[in-house]
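Residues take their numbers from the sequence shown, with the count starting at 1.
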Amino acid sequence: MTTLVHATDTLTRDALTVLQPGFVGTTAPDWLLRRIGEGLSSVGLFGRNIVSPEQLAALTAQLRAERDDVLVAIDEEGGDVTRLEVKQGSSFPGNYALGSVDDVELTRAVARELGRRLAACGVDLNWAPSADVNSNAENPVIGVRSFGPDPDLVARHTVAYVDGLQGVGVAACTKHFPGHGDTNVDSHDALPRIDVDLATLHARELVPFRAAVAAGTKAVMSAHILLSALDPHRPATLSPQILTGLLRQELGFEGLIVTDGMEMQAVAATYGIERGSVLAIAAGADAICVGGGLCDEDTVLQLRDALVNAVRTGELPEERLADAAARVRALASWTQAHRARGAGSVPGAAVQEGTAPGAEIGLVAARRALKVTRGERPYTPMTSAPYVASFTPVANFAVGDETPWGIAAELERLLPGTETGSYADSSVDAVLTAAGERRVVAVVRDLHRHPWMTAAVDALIAARPDTVVVEMGLNEAEPRGALHIATHGAARVCGRAAAEAVVGTGA
């Protein structure tokens, strides 16, 4: 049941302004356009909304025909997490690959080209980069989305990434504050808890965020994690001590604080999305991200009315809601000014490799990120079509299962006739039968986290010592195989670079 409020009511407009909802479809539904006219200031895009750069540009133009200063946000990290190329795989390696190269100018160039493509399609707020220090190698949700386990390395690459995006008029949203790296639980599924002391948090988790704030990141995204040393009762997204006390007052951040998705179970399972949204704004958040799962008009109306009612009952100070809305509008003005200066270029050219300055930078970075380890025997590059056995773990929600990964498609391009199969258990009999006399390429993701995968690969190597192993996740396990290739991520360009190494034309 929704509360009937006049569309021009300032309080209602402010409540709509702080929402960043998603929707279904590749054109804007009527309800979304109507709510934009009533005050909704932001829209979040996901893979389901995008089929081509031309279509995306038409969609953002449709949104701005209703209101020119609407913020169009996207979760485009590059690497494993891509929405622009959700059906093809990203043209850019992710953070772990960039961190492994450790060339901040390369990271800046990648972020700048990615930002240019976003701007060309009318997207002006990117929920990236991930500034999490991946100190826990068992982390099921961050992993290759992090630049690495070293706080200073993560900090310098976070700054370069922010500079690259914002230099072309796309606002960066540094995430997941105050750091999601030391967790072994995915906050999409449950509430992660980090029990380290304040000294550790300041020396590790907070280092990249301090750097990002100093570098002028326009937005910061909160994490749904419980840090007992800062607030033993509420996750960071709902914690005044963390959002207002730490981020605003101690770190001096004046930009937009965006929540992670409010339908994620770390918040929704305990508080519900309506109560959670009220608590988040009261704690200091300025924008409520929702839409990865819940993406309909009813969700928008429920959250709008929950905020309005919280103000009317005194639970949420009206001044806090007004301040949050003002920060959203300030960022919208910044992005609008950049669009007016012509940031970006022709959408159709923006996603074609080699058609614009810097367009090959993703492949350049992927090639540089490869780490190739040869086995005891001399490796003979493949000249005939191999069999690719992909050992496939369950994808986390952020990555999703729509985006292809691996190297089979790239090997097929180089060695026509390449065949492939996907496996999810430790038995290798089916692999050997399918491979026949062909050489085998075993593709894995986070081998160190999956004992069944380790058993399968070791059995395969025992049966076929000339097996090539391609690790496309965290490179934590000992190298194995006749040739071991660590790509530091599963983006399409990482697969291409690995395929080149398999046939002996790459690194």
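Atoms CG and CZ, on L363 and R492 in that order, are 9.0 Å from each other to the nearest 0.5 Å. Put simply, NE2 on H450 and OG on S426 are 13.5 Å apart, with the number rounded to the nearest 0.5 Å. Taking CD1 from I74 and CG from L118, the interatomic distance works out to 6.0 Å, rounded to the nearest 0.5 Å. In this structure, L414 CG and R496 CZ are separated by 8.0 Å, a value rounded to the nearest 0.5 Å. Note that CD of Q265 is 10.5 Å distant from NE2 of H224, once rounded to the nearest 0.5 Å. In this structure, the separation between CD on E113 and CD1 on I361 is 8.5 Å, given to the nearest 0.5 Å.
Every residue two or more places apart in sequence or in another chain was checked for a ring-ring contact (aromatic ring centres under 6.0 Å, His included) with F253, and none qualifies. Residues passing the side-chain contact (heavy atoms from CB on, under 4.5 Å) test with Y423 are Y387, A389, F391, A430, V431, A434, sequence neighbours excluded. Partners of R449 under the side chain to side chain donor-acceptor pair (under 3.5 Å) rule, at least two apart in sequence or in another chain, are D446. Q55 meets the side-chain contact (heavy atoms from CB on, under 4.5 Å) test with T26, I50, V51, S52, L59; sequence neighbours excluded. The ring-ring contact (aromatic ring centres under 6.0 Å, His included) test applied to Y161 returns no partner, not counting sequence neighbours. Residues meeting the side chain to side chain donor-acceptor pair (under 3.5 Å) test with S384, sequence neighbours left out: none. For D197, the side chain to side chain donor-acceptor pair (under 3.5 Å) test picks out T200, with sequence neighbours left out. Listed by chain and number, the residues in a salt bridge (Lys or Arg N to Asp or Glu O under 4.0 Å) with K371 amount to none (sequence neighbours excluded). With sequence neighbours excluded, the residues satisfying side chain to side chain donor-acceptor pair (under 3.5 Å) with S222 are T237. A490 meets the side-chain contact (heavy atoms from CB on, under 4.5 Å) test with D80, W405, R445, M472; sequence neighbours excluded.
Side-chain atoms of T420 come within 3.5 Å of backbone atoms of V388 as a donor-acceptor pair (strictly under, hydrogens ignored). No donor-acceptor pair under 3.5 Å is formed between the side chain of N126 and the backbone N or O of A172. In this structure a side-chain-to-backbone donor-acceptor pair under 3.5 Å is missing from S390 to T392. With hydrogens and angles disregarded, no donor-acceptor distance shorter than 3.5 Å links the side chain of E77 to the backbone of A128. At least one donor-acceptor pair under 3.5 Å links the side chain of T403 to the backbone N or O of V86. With hydrogens and angles ignored, the 3.5 Å screen pairs no side-chain donor or acceptor of E410 with any backbone N or O of A499. E412 contributes a side-chain N or O that, together with a main-chain N or O of G417, makes up a donor-acceptor pair within less than 3.5 Å. Remark: the backbone N or O of G216 is paired with a side-chain donor or acceptor of Q166 at under 3.5 angstrom. Using modelled atom types, no side-chain atom of N134 and backbone atom of P149 make a donor-acceptor pair closer than 3.5 Å. Between the R339 side chain and the A119 main chain, no donor and acceptor come within less than 3.5 Å of each other.
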Full working for side chain to side chain contact (heavy atoms under 4.5 Å, CB included) between L483 and V372: CA-CA 7 Å; L483 191 72; V372 179; 3.5 Å; yes
Test log, rule side chain to side chain contact (heavy atoms under 4.5 Å, CB included), inputs H488 and C494: CA-CA 8 Å; H488 301 95; C494 296; over 6 Å; no
I'd like to know whether R367 forms a salt bridge (Lys or Arg N to Asp or Glu O under 4.0 Å) with E360, so could you lay out the CA-CA distance, the side-chain angles of the two residues, the decisive distance to 0.1 Å, and finally the verdict. CA-CA 11 Å; R367 287 168 173 160; E360 286 280 357; 5.6 Å; no
Pair I407-I485, side chain to side chain contact (heavy atoms under 4.5 Å, CB included): steps then yes or no: CA-CA 11 Å; I407 72 168; I485 303 169; over 6 Å; no
Criterion side chain to side chain contact (heavy atoms under 4.5 Å, CB included) on V502 and L415, from CA distance to verdict: CA-CA 10 Å; V502 169; L415 298 174; 5.6 Å; no
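Looking only at side-chain heavy atoms (C-beta outward), I225 and I194 come within less than 4.5 Å of each other. Within the 4.5 Å cutoff, side-chain heavy atoms of L198 are placed close to those of L201. Considering only heavy atoms from C-beta on, L125 stays 4.5 Å or farther from T335 through its side chain. You'll find the side chain of L246 reaches within 4.5 Å of the side chain of F177, heavy atoms only. At a threshold of 4.5 Å between non-hydrogen side-chain atoms, the residues M382 and L411 do not count as touching. The side-chain heavy atoms of D231 and L227, taken from C-beta on, include no pair separated by under 4.5 Å. For the pair L56 and L84, the minimum side-chain heavy-atom distance is below 4.5 Å. Between T270 and L191, the closest side-chain pair of non-hydrogen atoms is not below 4.5 Å.
Across V162 and P129, no two heavy atoms sit closer than the pair CG2-CD, 4.1 Å. Minimum interatomic distance between L460 and V428 (heavy atoms only, all atoms of both residues): N-CG1, 4.0 Å. A pairwise comparison of heavy atoms in G481 and V469 identifies CA-CG2, 4.2 Å as the closest pair. Counting all heavy atoms, side chain and backbone alike, A463 lies closest to L432 at CB-CD1, 3.9 Å. Minimum heavy-atom separation, D163 to A215: OD1-O, 4.3 Å. Between V168 and G115, the shortest heavy-atom contact is CG2-C, 3.5 Å.
Inspection of the S146 and D132 side chains reveals no N or O donor paired with an N or O acceptor under 3.5 Å.
Below 30°, between 30° and 60°, or above 60°: for H176 and H180 the angle between ring planes is above 60°, a perpendicular geometry. Under the 30°/60° scheme for interplanar angles, the aromatic rings of W127 and F46 are found to be tilted.
The side chain to side chain donor-acceptor pair (under 3.5 Å) contacts involving residues 92-105 comprise D102-R156, D102-H157, D103-R368, E105-R108, where partners must be two or more places apart or lie in separate chains. The side chain to side chain donor-acceptor pair (under 3.5 Å) pairs that include a residue from residues 457-484 are D458-R480, where partners are two or more places apart or lie in different chains.
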